[in-house]
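Quantities reported herein were computed from a predicted structural model and do not represent experimental measurements. Here is the naming used below: chain letters follow the sequence lines, and residue numbers restart at 1 for every chain.
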2 protein chains.
Amino acid sequence: MQLNQALTILKDEGYKYTEKREDILSFFNKEDGYRTASDLLSFLSKKYEGISYDTIYRNLHLFSELNILESTELDGEKHFRLACGHEEHHHHFICKSCGKTKAIKSCPMNLLNIDFNGYLIENHKFEIYGLCPNCN
Amino acid sequence: MQLNQALTILKDEGYKYTEKREDILSFFNKEDGYRTASDLLSFLSKKYEGISYDTIYRNLHLFSELNILESTELDGEKHFRLACGHEEHHHHFICKSCGKTKAIKSCPMNLLNIDFNGYLIENHKFEIYGLCPNCN
DNA sequence: ACATTTTATCGTAATGATTACGATTTGTAA
DNA sequence: TTACAAATCGTAATCATTACGATAAAATGT
C-alpha cells in the first residue's frame with residue numbers, strides 16, 4: 001500500500017489529516033515488516049516529545065479498522081505492518097529477528113478437506129516463523 | 001493424555017507430587033479445551049484460598065515444558081489445554097465460545113509448495129476459529 | 001521415624017502492554 | 001475567523017504476567 005493511498009482513505013472516511021498520522025504511515029512504510037506499538041512510540045518520540053499512548057494506540061486501531069494496517073500477535077505483543085498491496089487473501093512467513101515478511105499466496109483452507117458440519121467457521125490464522133535470508 | 005500418565009512424567013523427571021498439581025491436571029482433564037491462567041486460578045481458589053499466582057504460572061509453564069500441556073495465544077492471553085499426547089503433529093479448530101477443539105490432522109506445511117531457499121523455517125501456527133456445534 | 005535437602009508455595013510487589021478519560025489543542029468547513 | 005468535531009496530551013487504571021524473599025512441604029538417606 002502506498003502512503004498517499006492510505007491518506008486518501010483517511011480523508012475519504014472523514015478523518016483528519018495530521019502530521020503525526022503521516023509520520024506513523026511513513027514509519028511503517030520505511031520499516032517494511034511487523035512492528036510494535038513500542039517501536040512506533042520510540043520513533044515518534046524523537047520528533048514529538050511527550051507523545052501520548054492514546055495517540056499511538058488510537059491510530060494503530062483506526063488504521064487497522066480501515067485496513068491500512070494489518071496486525072498479528074507475536075510473543076504476547078501486537079505487531080503491525082502496512083497492509084499488503086495485493087488485495088487477495090494471503091498469509092505470511094514472518095522473520096522472528098527483523099519482522100519482515102514473505103507472502104504466502106495459497107491458503108490452507110482451500111487445501112484441506114475437513115468435515116466441519118455443524119461448525120461455524122469464522123476465521124483462521126496461518127503463519128510461518130523463522131529467519132529471513134538476511135538474518136539467517 | 002491421561003492424568004496418571006502426566007503424573008508419571010512429573011515423577012520421572014524428579015518433580016514433586018502435590019495435591020495442587022493433581023488438581024491442576026484434573027481441571028484440564030475435565031475442561032477438555034483451551035483455558036486461561038485466570039480460569040485455573042478461579043478453579044483452584046475454591047479449594048485453596050489465597051493460592052499464589054506463582055503457583056499457577058510456574059506449573060503452567062512447567063507442564064508446557066514437559067509437554068503435558070500445550071498452549072496458544074488468543075486475544076492477548078495464553079490459553080492451555082492437555083496435550084493431545086500420543087498423536088502426530090496436528091493443528092486445531094478452536095471454539096471461540098467454549099474453548100473446545102477439533103483436531104486437524106493434515107498440516108499445511110506439507111501441502112504448500114513454496115520456495116524458502118535461504119530462509120530458516122523454525123515453526124508455524126495454523127488455527128481455525130469459530131463456533132463448535134454445541135455453541136453454534 | 002527423623003533429619004536433611006530440595007522443591008513448591010505463599011504473599012505481595014513489580015513489570016509491561018494496553019486501555020481510559022477529562023482537559024486542551026488542532027484541523028476543517030461554513 | 002468562528003465554530004465544531006476530532007485529535008492529542010497527561011496521566012492513571014487495568015490486565016496478564018513475572019519476580020522474589022520467606023515459609024512450608026515432599027522426597028531421600030540414615
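- The distance between atom CG of B:Leu74 and atom P of D:dT17, rounded to the nearest whole Å, is 11 Å.
- B:Lys11 has no side-chain polar atom (N or O) that falls below the 4.0 Å cut-off from OP1 or OP2 of D:dA26.
- Residues B:Ile104 and B:Phe93 share a closest heavy-atom pair of CD1-N, 3.7 Å.
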**CA sep, side-chain torsions, deciding dist, call: A:Lys96, A:Asp75, side chain to side chain contact (heavy atoms under 4.5 Å, CB included)** = CA-CA 10 Å; A:Lys96 293 293 259 184; A:Asp75 304 322; 3.6 Å; yes

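- Atom CG of B:Asp75 and atom C1' of C:dT19 are 15 Å apart (whole Å).
- In terms of phosphate contacts, B:Thr36 brings no side-chain nitrogen or oxygen within less than 4.0 Å of OP1 or OP2 of D:dA16.
- Dashed line: the shortest gap from a side-chain N or O of B:Thr55 to OP1 or OP2 of C:dC10 is under 4.0 Å.
- Note: OH (A:Tyr17) to C1' (C:dT26) measures 14 Å, nearest angstrom.
- Contact annotation: B:His61 does not reach the phosphate of D:dT17 (side-chain N/O to OP1 or OP2, under 4.0 Å).
- Within the structure, every side-chain polar atom (N or O) of B:Arg58 is placed at least 4.0 Å from both OP1 and OP2 of C:dA8.
- Residue-to-nucleotide proximity on DNA chain D shows that, of B:Glu77 and A:Asn59, the 5′-proximal contact is made by A:Asn59.
- Here D:dG10 is the nucleotide among D:dT8, D:dG10, C:dG11 with the atom lying nearest to any side-chain atom of A:Ser52.
- Taking atom CD1 on B:Ile56 and atom C1' on D:dT17, their separation rounds to 12 Å, with Å as the unit.
- Closest-nucleotide positions on DNA chain C for B:Glu49 and A:Lys16 were compared, and the one nearer the 5' end corresponds to B:Glu49.
- As rounded to whole Å, 14 Å separates atom C1' of D:dC15 from atom NZ of B:Lys78.
- Under 3.5 Å, the side chains of A:Thr36 and A:Asp39 contain a donor-acceptor pair of N or O atoms.
- Within the structure, a side-chain polar atom (N or O) of A:Arg21 is placed less than 4.0 Å from OP1 or OP2 of D:dA7.
- Side-chain atoms of B:Glu70 come within 3.5 Å of backbone N or O of B:Cys84 as a donor-acceptor pair.
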**Item:** Residues B:Glu73, B:Lys125; criterion salt bridge (charged side-chain N to carboxylate O under 4.0 Å, His left out); working and verdict
**Value:** CA-CA 10 Å; B:Glu73 205 164 320; B:Lys125 179 171 185 168; over 6 Å; no

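- In this structure, the CD1 atom of B:Ile51 is 10 Å from the P atom of C:dG11, given to the nearest Å.
- In this structure, the CG atom of B:Leu60 is 12 Å from the C1' atom of D:dA16, given to the nearest Å.
- Side-chain N/O atoms of B:Tyr57 include one lying less than 4.0 angstrom from OP1 or OP2 on D:dT17.
- Taking 4.0 angstrom as the limit, A:Thr18 places a side-chain polar atom (N or O) nearer than this to OP1 or OP2 of D:dT8.
- A straight line from OH of A:Tyr53 to C1' of C:dT15 spans 12 Å, rounded to a whole angstrom.
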